[in-house]
S.K.: 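The structure under discussion is supplied below as structure tokens; questions concerning it will follow.
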Amino acid sequence: MKKRIITFVLIAALAFGLSMTAFGLSVAASSPTSSQTTSVPAPRFTEEQRDELARLNGILLENRAAFMAQKSQNVTLGNQLRTLLREFKASEEKNLSADDLAALKTLKNDLAAKREQLKTSVGQIKNLMNSFKDYRRAGDYDNMVSTLNQVITIQQNRITLCAEIGTITQQMIDILQGA
Amino acid sequence: MKPKPILIISIAFLILLLVLSGCRRLERSASSALQTAGISMIPEISQQSAVSASSTAASQTENSPETTPADSKEVGETLDQILSELAGLDSVYSQIDTVSDSDLSN
């Protein structure tokens with residue numbers, strides 16, 4: 001009888017120890033201090049879903065890089081145009097023809113329209129990514145993908161707008177340099 | 001005897017008229033032939049008005065908007081507006097939000 005009791009206690013202790021070990025490993029794996037820093041979501045998604053999310057993440061990062069490059073180019077062109085404008089205003093000899101002035105006015109209006117469109121998109125990506133993080137926490141794969149696609153669309157629109165702004169800026173520079 | 005000088009003068013006058021009309025016809029045919037060959041002719045009196053009209057048009061072309069200088073005040077205002085647009089663009093660029101790395105990490 002005593003042997004049975006001792007055996008039962010030993011088996012129970014062993015089972016308890018094993019369960020505690022398993023629990024500890026799972027906690028360690030999901031801790032924030034884990035070395036895993038990739039963008040692959042939690043194991044609750046299938047492999048295909050993780051691949052799709054990784055693909056979309058890649059597009060987001062590519063678009064971000066393309067936008068930053070275009071923005072940097074636009075800033076450079078803008079500084080060049082600003083310098084030309086100030087030199088033109090300071091010069092008493094330089095003047096524009098009526099046609100050049102009309103062209104500059106048209107370009108200025110185009111620039112204002114593009115700037116306004118770009119301004120409208122400010123904050124949209126931040127809001128969408130906040131929603132994305134909520135969906136990710138909830139494991140809502142479909143809404144995660146939908147949100148990322150919306151962000152990609154906004155990014156592509158911004159890249160297009162910035163490219164058009166760069167073209168307009170260059171055309172203004174050409175007019176002033178030709179005057 | 002007396003009518004002879006008058007007759008001679010009249011005949012001479014008629015001959016002169018015939019010669020002049022003949023010369024005009026020759027000029028017209030020659031000018032039309034040369035115009036088809038692309039060579040400009042010395043215009044007749046009837047064509048001088050057309051020449052003067054074309055020269056007037058040429059002088060008007062010289063004063064066309066392509067080379068007419070714009071009002072300097074208007075130019076200054078436009079340049080200021082462009083400078084303002086550039087400042088607005090810089091402001092938008094500084095506010096633009098992008099995807100951050102923390103957005104994509106778990």
Side-chain angles (χ1 to χ4, degrees), chain A residues 32 34 36-42 53 57 60-61 63-64 67-68 71 74-75 78-79 81-82 85-86 88-89 92 94-102 104-105 107-108 111-112 114-116 118-119 121-130 132-133 136 151 155 158 162 165 169 172 176, chain B residues 35-43 46-106:
Chain A
S34 169
Q36 185 180 4
T37 57
T38 63
S39 62
V40 178
L53 289 171
N57 283 353
L60 285 174
L61 293 173
N63 286 346
R64 183 180 72 179
F67 173 76
M68 297 303 284
K71 187 185 92 168
N74 282 5
V75 168
N79 290 336
L81 177 60
R82 198 175 280 114
L85 288 167
R86 286 173 182 156
F88 209 93
K89 285 181 63 175
E92 292 179 354
K94 290 184 181 180
N95 198 2
L96 292 172
S97 67
D99 256 12
D100 282 347
L101 180 62
L104 267 184
K105 283 184 175 179
L107 289 171
K108 179 208 69 173
L111 189 67
K114 303 292 178 197
R115 177 185 55 77
E116 203 55 42
L118 197 60
K119 187 180 174 184
S121 79
V122 169
Q124 289 180 353
I125 287 184
K126 183 180 175 184
N127 292 338
L128 282 169
M129 290 314 293
N130 285 338
F132 170 77
K133 284 187 266 190
R136 187 174 59 193
V151 172
Q155 285 182 319
R158 284 182 180 178
C162 275
I165 288 170
T169 308
M172 287 182 171
L176 289 171
Chain B
Q35 277 174 4
T36 54
I39 301 171
S40 62
M41 285 284 292
I42 298 172
S46 61
Q47 292 178 1
Q48 283 178 1
S49 60
V51 170
S52 63
S54 64
S55 64
T56 305
S59 64
Q60 284 176 353
T61 304
E62 286 174 1
N63 293 330
S64 69
E66 286 82 10
T67 56
T68 302
D71 177 38
S72 57
K73 186 181 174 187
E74 202 175 347
V75 168
E77 284 175 0
T78 302
L79 299 187
D80 284 338
Q81 287 167 2
I82 295 172
L83 280 169
S84 175
E85 280 301 324
L86 290 176
L89 255 178
D90 285 343
S91 172
V92 171
Y93 287 147
S94 68
Q95 296 171 38
I96 277 277
D97 50 332
T98 58
V99 173
S100 65
D101 291 332
S102 62
D103 290 336
L104 300 175
S105 63
N106 289 331

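Heavy atoms only: backbone and side chains are in, while hydrogens, waters and symmetry mates are out. Residue numbering restarts at 1 for every chain, and letters A, B, ... go by the order of the sequence lines.
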S.K.: Looking at chain B, which one of A:I165, A:V75, A:L128 has the largest number of heavy-atom pairs inside 4.5 Å, strictly under?
M.R.: A:I165
S.K.: Side chain, backbone, both or neither: which part of B:D90 has an atom under 4.5 Å from a heavy atom of chain A?
M.R.: side chain
S.K.: Do you know which of A:N95, A:L101, A:N74 has the most heavy-atom pairs with chain B at a distance under 4.5 angstrom?
M.R.: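 Max contact count across the listed options: A:L101.
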S.K.: In Å, rounded to the nearest 0.5 Å, how long is the span from OG of B:S100 to NZ of A:K126?
M.R.: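 B:S100 atom OG to A:K126 atom NZ measures 10.0 Å (nearest 0.5 Å).
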S.K.: Report yes if the side chains of B:L86 and A:M172 come closer than 4.5 Å at any heavy-atom pair, otherwise no.
M.R.: no
S.K.: Nearest 0.5 Å, please: how far is CG in B:L89 from NZ in A:K71?
M.R.: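 The NZ atom of A:K71 sits 11.5 Å away from the CG atom of B:L89.
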S.K.: Name the region of A:L61, side chain, backbone, both or neither, that has any atom closer than 4.5 Å to a heavy atom of chain B.
M.R.: side chain
S.K.: Would a 4.5 Å heavy-atom cut-off, applied to side chains only, mark A:S121 and B:I96 as touching?
M.R.: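 When only atoms from C-beta onward are counted, B:I96 and A:S121 do touch, with a gap below 4.5 Å.
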S.K.: Between B:D103 and A:F132, is there a side-chain heavy-atom distance shorter than 4.5 Å?
M.R.: no
S.K.: Between CZ of A:R115 and OH of B:Y93, what distance do you get to the nearest 0.5 Å?
M.R.: 11.0 Å
S.K.: Measure distances from A:L107 to the heavy atoms of chain B and classify the residue's part below 4.5 Å as side chain, backbone, both or neither.
M.R.: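 For A:L107, there is no contact with chain B at all, as no heavy atom is under 4.5 Å.
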S.K.: Quick one: pull up CD in B:Q81 and CG in A:L85 and give me the separation to the nearest 0.5 Å.
M.R.: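 These two atoms lie 11.5 Å from each other.
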S.K.: Rounded at 0.5 Å granularity, tell me how far OG1 in B:T78 sits from CG in A:D100.
M.R.: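 Answer rounded to 0.5 Å: 11.5 Å.
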S.K.: Would you mind checking which part of A:Q124 comes under 4.5 Å of any heavy atom in chain B, side chain (CB onward), backbone (N, CA, C, O), both or neither?
M.R.: backbone
S.K.: Relative to chain A, which of B:D80, B:D71, B:T98, B:I82 shows the most heavy atom pairs under 4.5 Å?
M.R.: B:I82
S.K.: So which residue, A:L176, A:L104, A:N63, A:T169, ends up with the most heavy-atom pairs under 4.5 Å with chain B?
M.R.: A:L104
S.K.: With a 4.5 angstrom heavy-atom cut-off, which part of A:K133 approaches chain B: side chain, backbone, both or neither?
M.R.: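 The side chain, not the backbone.
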S.K.: Answer yes when A:K105 and B:E74 have at least one side-chain N-carboxylate O distance shorter than 4.0 Å, and no when they do not.
M.R.: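 Yes, this pair counts.
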S.K.: Side chain, backbone, both or neither: which part of A:R82 has an atom under 4.5 Å from a heavy atom of chain B?
M.R.: both
S.K.: Using modelled atom types and a 3.5 Å cut-off, is there a donor and acceptor pairing between side-chain atoms of B:D97 and backbone atoms of A:G123?
M.R.: yes
S.K.: If you take all heavy atoms of A:V122 and B:Q95, which pair is closest and at what distance?
M.R.: CG1-O, 3.5 Å
S.K.: Is it true that B:E85 and A:K108 have a side-chain N and a carboxylate O under 4.0 angstrom from each other?
M.R.: no
S.K.: So which part of A:L60 gets closer than 4.5 Å to some heavy atom of chain B, the side chain, the backbone, both or neither?
M.R.: side chain
S.K.: List the atom of B:L79, the atom of A:F88, and the distance in Å for their closest heavy-atom pair.
M.R.: CD1-CD2, 3.8 Å
